[in-house]
J.: 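One structure coming up, written as structure tokens, with questions to follow.
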Protein chains: 2
Amino acid sequence: MDADSDAKVGFRPLYVQVREELKRHLSSGRWQPGAMLPSEHELARELGVSQGTVRKALDELTADRILVRRQGRGTFVAEFEESRILFQFFRLRPNAGERLFPVSRIRRRPSGPATATEGAALRIEPGTKVWRIARQRLHGPNVILWETIAVPADRFAGFEDVAEFPNIYQLYAHRWGITITSASEQLRAVSADKTDADELGCPVGSPLLRIERVAFDINKVPVEYRDSRCRTDQMYYSSDLT
Amino acid sequence: MDADSDAKVGFRPLYVQVREELKRHLSSGRWQPGAMLPSEHELARELGVSQGTVRKALDELTADRILVRRQGRGTFVAEFEESRILFQFFRLRPNAGERLFPVSRIRRRPSGPATATEGAALRIEPGTKVWRIARQRLHGPNVILWETIAVPADRFAGFEDVAEFPNIYQLYAHRWGITITSASEQLRAVSADKTDADELGCPVGSPLLRIERVAFDINKVPVEYRDSRCRTDQMYYSSDLT
DNA sequence: CAGTGGTCTAGACCACGTA
DNA sequence: ACGTGGTCTAGACCACTGT
């Protein structure tokens, strides 16, 4: 880790190089989710930089929720605990009452060649094989949304016969070593068609919130596309502008 | 600025105290939007702390978009330029084509006592007077949403006769010294009623995106409640989960 | 008590913008 | 050339956690 290694061309601060080096270790699997990293001083010694520089790199990875730091304990690779999913990736909240973890119920697995939309979202050629799962999600006893999830088949070997799972992003991490760190959503109001009405138990023509999501891994590569239709009579979508 | 001033009780890091001190200067109007702050070294001397500590405080205020820093130029109080509004507070984007600044057209001013919803959102007693403006917003020639904005009358003296304005948050800042720094939105899909249909030029019963927003000032005090109904045939709402 | 992250300092040097 | 923010260092000390 030499400060002058790319001095003239571009100029990348040392801490950026450290951050990218740590990211490489993370995506290569040197440190698994939940594992504790070496201490700041130890990393600084390993990499030949000062402790303050390592700290700046670790702070940025913490801001991206890739790491979790706990004073007195250490620095850990972030996991997909229930609470994180509930707050970071599931934006539907009940109008009143307790927030619950959304239980899911698989309905179909209509895998096949990628549509134009899926291809564009996942940056793969349309026609490339994708695995798909169609499922309902429940808040207590009520179906609040149904959605189709599509992932590129080549990055998810064996996806076609996964059983029910409590948390799909945890599954991505444990089974395929793919960590979802961010997502981008597009929201629209649409009218329920026949399928929507069947899945959600609402009248045809009632207003639904349609959410299209593209989820990205640690390297900002898109790895999942999902299309959800939500009832918003008992729930709302929460968005914070900061 | 004494590091030991509240040693036993709680413990607040020095940089937090510096940050709050700077915030006080900002909300008291010592530094107006667009103004340049003293340099890091000068602030450090003024406050009797090291430059690194000032830097940490400034970095946090920059992360909250309260300040803007430009290498080689200085540190400035953030303003509501068009681009900032367009990206930070206006989340509707066209399905295709250029992103435009949403022109607004005032329709009515139905001011009066706060409803229960407004009171809860603005943390004031229901029945307290609020100013309201109902307006349409346009993307090019098309009306894409209409909304009602409510603000507490006591913090916005003279609001009842403001003319058209290009940007309402800029108006809040310049006329009342109130800077909006964050907002929280609740989204639902609803059916267009008669009023919606008239304002938006769409059929009664067509699906609309309803957005309820509470906007906060620099001290996290709610200062505005707005209720918008949006057509999402040509536009979508963009949400980033990070 | 030992080990971890968190804060704070003082000073050096670099990159950027402007004059 | 100068002043600004940005990076980097080395070292000290504090706060928190578990043994």
Side-chain angles (χ1 to χ4, degrees), chain A residues 1-22 26 31 34-79, chain B residues 1-22 26 31 34-79:
Chain A
M1 194 64 54
D2 176 12
D4 293 319
S5 54
D6 48 6
K8 290 273 184 267
V9 279
F11 169 65
R12 299 184 56 141
L14 245 190
Y15 74 87
V16 171
Q17 300 176 42
V18 171
R19 189 189 67 204
E20 296 310 311
E21 176 69 10
L22 295 175
L26 287 163
W31 298 314
M36 179 177 161
L37 266 62
S39 73
E40 294 182 350
H41 285 95
E42 204 164 319
L43 285 171
R45 214 166 2 86
E46 274 187 33
L47 300 168
V49 301
S50 81
Q51 181 252 6
T53 300
V54 170
R55 162 166 286 270
K56 178 139 188 174
L58 292 173
D59 279 347
E60 292 202 352
L61 294 170
T62 302
D64 290 347
R65 310 204 210 206
I66 292 170
L67 300 178
V68 174
R69 318 192 73 186
R70 274 171 290 193
Q71 189 172 9
R73 307 230 357 235
T75 303
F76 303 83
V77 184
E79 291 187 277
Chain B
M1 192 66 52
D2 175 11
D4 293 320
S5 54
D6 48 7
K8 290 275 183 267
V9 278
F11 170 65
R12 303 189 61 179
L14 244 191
Y15 74 87
V16 171
Q17 300 175 44
V18 171
R19 190 188 67 204
E20 296 309 312
E21 176 68 10
L22 294 175
L26 288 163
W31 298 314
M36 180 175 160
L37 267 62
S39 75
E40 295 182 350
H41 286 94
E42 205 165 316
L43 284 171
R45 214 168 358 87
E46 274 187 32
L47 299 168
V49 301
S50 79
Q51 181 252 7
T53 300
V54 170
R55 161 167 287 270
K56 178 139 188 174
L58 292 174
D59 279 348
E60 293 203 351
L61 293 170
T62 303
D64 290 347
R65 309 203 211 208
I66 292 170
L67 299 178
V68 175
R69 318 192 73 184
R70 273 170 293 191
Q71 189 173 9
R73 306 227 4 231
T75 303
F76 303 84
V77 184
E79 291 187 277

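Letters A, B, ... mirror the listed sequences (proteins, then strands); counts begin at 1.
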J.: Would a 4.5 Å heavy-atom cut-off, applied to side chains only, mark A/V68 and A/R70 as touching?
T.: yes
J.: May I ask you to decide if B/R12's main-chain N or O and B/Q17's side chain share a donor-acceptor pair within less than 3.5 Å?
T.: yes
J.: Considering non-hydrogen atoms only, spot the tightest contact between A/G34 and A/E79 and give its length.
T.: N-CG, 3.4 Å
J.: Given side chains that start at C-beta, do those of B/R55 and B/Y15 come closer than 4.5 Å, heavy atoms only?
T.: no
J.: Which residue lies toward the 5' end of DNA chain C, A/E40 or B/P13, if each is placed at its nearest nucleotide?
T.: A/E40
J.: Separation of B/F76 atom CZ from C/dC16 atom P, in whole Å?
T.: 17 Å
J.: Within the pair B/S39 and D/dG3, is there a side-chain N or O less than 4.0 Å away from OP1 or OP2?
T.: no
J.: At under 4.0 Å, does any side-chain N or O of A/K56 touch on OP1 or OP2 of D/dC8?
T.: no
J.: Look up atom CZ in A/R19 and atom CG in A/L26, then write down how far apart they are to the nearest 0.5 Å.
T.: 12.5 Å
J.: Tell me whether B/T53 contacts the main-chain N or O of B/V49 through its side chain, where contact means a donor paired with an acceptor under 3.5 Å.
T.: no
J.: Any idea which of C/dG6, D/dG5, D/dT4 is nearest the B/R69 side chain?
T.: D/dG5
J.: Once you round it to whole Å, what is the distance between C1' of D/dC14 and OH of B/Y15?
T.: 13 Å
J.: Round to the nearest Å and state the distance from B/R45 atom CZ to D/dT4 atom P.
T.: 10 Å
J.: Starting from P on D/dT7, measure out to CG on B/L58 and report it in whole angstrom.
T.: 14 Å
J.: To the nearest Å, give me how far apart CG (A/L37) and C1' (C/dT4) are.
T.: 13 Å
J.: Under a 4.0 Å threshold between the charged nitrogen and the carboxylate oxygen, would B/E40 count as salt-bridged to B/R69?
T.: yes
J.: Taking the side chain as C-beta and beyond, is there a heavy-atom pair between A/L43 and A/L22 under 4.5 Å?
T.: yes
J.: Return the polar atom pairs (N/O with N/O) between nucleotides 16-19 of chain D and the protein under 3.5 Å, or none.
T.:
none

J.: In whole angstroms, how far is the P atom of C/dC8 from the CG atom of B/D59?
T.: 14 Å
J.: To the nearest Å, give me how far apart CZ (B/R12) and C1' (D/dA15) are.
T.: 16 Å
J.: Rounded off to whole Å, could you give me the CG-to-P distance for the B/L43 and D/dG3 pair?
T.: 17 Å
J.: Using a cut-off of under 3.5 Å, enumerate the N/O to N/O pairs linking the protein to nucleotides 9-11 of chain C.
T.:
{"residue": "C/dT9", "atom": "OP2", "partner": "B/S50", "partner atom": "N", "Å": "2.9"}
{"residue": "C/dT9", "atom": "OP2", "partner": "B/S50", "partner atom": "OG", "Å": "2.7"}
{"residue": "C/dT9", "atom": "OP2", "partner": "B/T53", "partner atom": "OG1", "Å": "2.3"}

J.: Report yes if some heavy atom in the side chain of A/L37 is under 4.5 Å from a heavy atom in the side chain of A/W31; otherwise report no.
T.: yes
